[in-house]
Number of protein chains: 2
Amino acid sequence: MSISEPEATTAVNGSLPRQRRTYSIGELARMFEVTPRTIRFYEQEGLLAPERRGQTRIYHEKDRVRLKLTLRGKRLGFSLAEIREVIEMYDAMPDGNARQLKRLLEILADKRTNMERQLEDIRLMQRELDDVELRARDVLERLDQA
Amino acid sequence: MSISEPEATTAVNGSLPRQRRTYSIGELARMFEVTPRTIRFYEQEGLLAPERRGQTRIYHEKDRVRLKLTLRGKRLGFSLAEIREVIEMYDAMPDGNARQLKRLLEILADKRTNMERQLEDIRLMQRELDDVELRARDVLERLDQA
DNA sequence: CAAGCACTTTACGTTAACGTCAACGTCGTC
DNA sequence: GACGACGTTGACGTTAACGTAAAGTGCTTG
């Protein structure tokens, strides 16, 4: 079990198979619009660890969620190494010692301040875009009058 | 004059030199915590075009603002090429034809949707962080009791 | 059973964004 | 006038994150 499960069944359901769906690498690639190569690369970097049926990889919900989080992290500018670090610590959590856990909390706080700055950057950037757009429209208008 | 001036003097001041401050490459590097190499590289990529006094580069407010925007764009995951594209179009605005301006507006809209997704990603990521932190604190607590 | 399709591994190639190093010019100053 | 701090131009090196091509495995479908 790993890194939260958004669409986990709503609590009361005994030992039902929960979500027995699995995915091939191709399916996963299509649904996230990446190439299989990318997914294999993420595995090689320790971000995924799919089951193997013989030679071929079998992905479960857990893996899909990880991939989703990984890609989200990437869009936010985190390196794969950073993402892996958090994932690893998370997986080691249940039996983690205090030092490791404190370290994890530190990292999280770090990411958090990062997010804050991102938010500020976005606000500022949006203002810039507003400004530029306004000027552009202005010029366009004058241009239309001639 | 380029890409907006945040701290422009507040309107009513005739033909005062406004802001006659200039910067060396080292000063700029220190104030933004990048290396001179980075700044030269940005110039080579068409993001900056400082004045030259003989051999050495002289940066004005205009250049400083550009650098600031460039770095902000980078933090938001834009490539230098993307950033340059916007800057170039902005500079070409006053005498730009309608087609170019419409293109600029398109690009801006594009960036804007990008920002929106970023915001959503940040929201989601913050929830994840909250979740992970909560669990970590939980484990820590149980650990402290033993 | 041959063809095709999806999957596999291995390995080398590529791009962006700089880092690093060499070799040199130009100041101020001790 | 040597020295150190700062600037300059090449030019090559490096890292992350994949792309791409080759060569093979395994299923199922006409």
Side-chain angles (χ1 to χ4, degrees), chain A residues 21-60 63-64 66-88 107 111 114 118 121, chain B residues 21-60 63-64 66-88 107 111 114 118 121:
Chain A
R21 182 129 174 56
T22 70
Y23 309 88
S24 77
I25 195 170
E27 286 176 312
L28 231 55
R30 277 190 302 275
M31 68 192 311
F32 287 106
E33 302 191 282
V34 299
T35 69
R37 172 68 174 110
T38 298
I39 297 180
R40 290 197 198 97
F41 182 71
Y42 289 173
E43 177 178 350
Q44 176 183 327
E45 294 298 300
L47 293 166
L48 297 173
E51 189 194 336
R52 291 283 184 142
R53 183 112 59 214
Q55 181 90 307
T56 83
R57 296 164 170 85
I58 309 265
Y59 298 88
H60 298 170
D63 302 303
R64 212 209 41 167
R66 270 205 197 181
L67 179 53
K68 189 174 69 182
L69 293 177
T70 298
L71 293 173
R72 182 180 300 152
K74 276 216 55 189
R75 287 198 299 270
L76 294 179
F78 295 120
S79 74
L80 297 184
E82 290 175 306
I83 297 170
R84 181 188 48 199
E85 190 174 19
V86 174
I87 287 184
E88 276 177 358
I107 295 183
K111 306 286 180 204
N114 197 310
Q118 292 250 65
D121 279 339
Chain B
R21 181 124 173 59
T22 70
Y23 309 88
S24 77
I25 195 171
E27 285 175 312
L28 231 55
R30 276 190 303 275
M31 69 193 310
F32 287 106
E33 303 190 280
V34 298
T35 69
R37 171 66 172 113
T38 298
I39 297 180
R40 290 196 199 96
F41 181 72
Y42 290 173
E43 176 177 350
Q44 175 183 327
E45 294 298 299
L47 294 166
L48 297 172
E51 188 194 335
R52 292 282 185 142
R53 184 112 57 214
Q55 181 89 307
T56 83
R57 296 165 169 84
I58 310 265
Y59 298 88
H60 297 171
D63 302 303
R64 211 209 42 166
R66 271 205 195 181
L67 179 54
K68 188 174 67 182
L69 293 178
T70 297
L71 293 174
R72 181 180 301 151
K74 276 216 54 188
R75 287 198 300 271
L76 294 179
F78 295 120
S79 73
L80 297 183
E82 291 176 305
I83 297 170
R84 180 188 49 201
E85 190 176 19
V86 174
I87 287 184
E88 276 176 357
I107 295 184
K111 305 285 180 207
N114 196 310
Q118 293 251 64
D121 279 339

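Chain A is the first sequence line, chain B the second, and so forth, proteins listed ahead of strands; every chain is numbered from 1. Atoms considered below: every heavy atom in the structure, side chains included; atoms not considered: hydrogens, waters and symmetry mates.
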Exercise for the section: Step by step, work out the salt bridge (charged side-chain N to carboxylate O under 4.0 Å, His left out) result for B:Glu45 and B:Arg66. Expected result: CA-CA 13 Å; B:Glu45 294 298 299; B:Arg66 271 205 195 181; over 6 Å; no
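Closest contact between the side chain of B:Arg52 and the listed nucleotides C:dT8, D:dT8, D:dG19 involves D:dT8. When the nucleotides D:dA17, C:dC18, D:dT8 are ranked by their closest atom to the side chain of B:Arg40, D:dT8 comes out on top. Picking from C:dC7, D:dT9, D:dA17 the nucleotide with the shortest atom distance to the side chain of A:Ile25 gives C:dC7. Distances were taken from every side-chain heavy atom of B:Lys74 (C-beta onward) to each of D:dT9, C:dT9, C:dA17; the shortest belongs to C:dA17. Comparing atom distances between the B:Thr35 side chain and each of D:dG7, C:dC7, C:dG19 picks out C:dG19 as nearest.
D:dT8 atom C1' lies 11 Å from atom OH of B:Tyr59, rounded to whole Å. At whole-Å resolution of the value, CZ in B:Phe78 and C1' in C:dA16 are 17 Å apart. Atom CD in A:Glu43 sits roughly 15 Å away from atom C1' in D:dC18 (whole-Å rounding). One interatomic measurement links the two molecules: CZ of A:Phe41 to P of C:dT9, which rounds to 15 Å at whole-angstrom precision. For the pair B:Glu45 CD and C:dA16 C1', the computed distance is 9 Å after rounding to whole Å. A:Ile39 places its CD1 atom 13 Å from the P atom of C:dT9, with the value rounded to the nearest Å. Taking atom CG on B:Leu67 and atom P on C:dA17, their separation rounds to 15 Å, with Å as the unit.
The side chain of B:Thr38 contributes an N or O atom lying less than 4.0 Å from OP1 or OP2 of C:dG19. A:Tyr42 has a side-chain polar atom (N or O) that falls below the 4.0 Å cut-off from OP1 or OP2 of D:dC18. The side chain of A:Thr56 contributes no N or O atom lying less than 4.0 Å from OP1 or OP2 of D:dG26. A close approach under 4.0 Å does occur between a side-chain nitrogen or oxygen of B:Arg57 and OP1 or OP2 of D:dT8.
In this structure, CZ on B:Arg64 lies 5.5 Å from CE on B:Met31, to the nearest 0.5 angstrom. Between the CD atom of B:Glu43 and the CG atom of B:Leu67 there is a distance of 11.5 Å, given to the nearest 0.5 Å. For the atom pair B:Thr38 OG1 and B:Phe32 CZ, the distance stands at 12.5 Å (nearest 0.5 Å). How far CD1 of B:Ile25 is from CZ of B:Arg30: 11.0 Å, rounded to the nearest 0.5 Å. Note: A:Tyr42 OH to A:Leu48 CG = 9.0 Å, rounded to the nearest 0.5 Å.
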Set out, line by line, the N/O atom pairs under 3.5 Å between protein and nucleotides 22-26 of chain C.
none

Close N or O pairs between protein and nucleotides 10-15 of chain D (under 3.5 Å):
none

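Nearest approach of A:Leu76 to A:Gln118, heavy atoms of both residues: O-NE2, 2.9 Å. Of all non-hydrogen atoms in B:Pro50 and B:Ile58, the two that sit nearest each other are CB-O, 3.5 Å. When every heavy atom of B:Glu27 is checked against every heavy atom of B:Thr22, the shortest pair comes out as OE1-O, 4.0 Å.
Side-chain N or O atoms of B:Glu82 include one that pairs as donor or acceptor with a backbone N or O of B:Ser79 at under 3.5 Å.
Using a 4.0 Å heavy-atom criterion, one finds that A:Arg53 contacts no nucleic acid atom at all.
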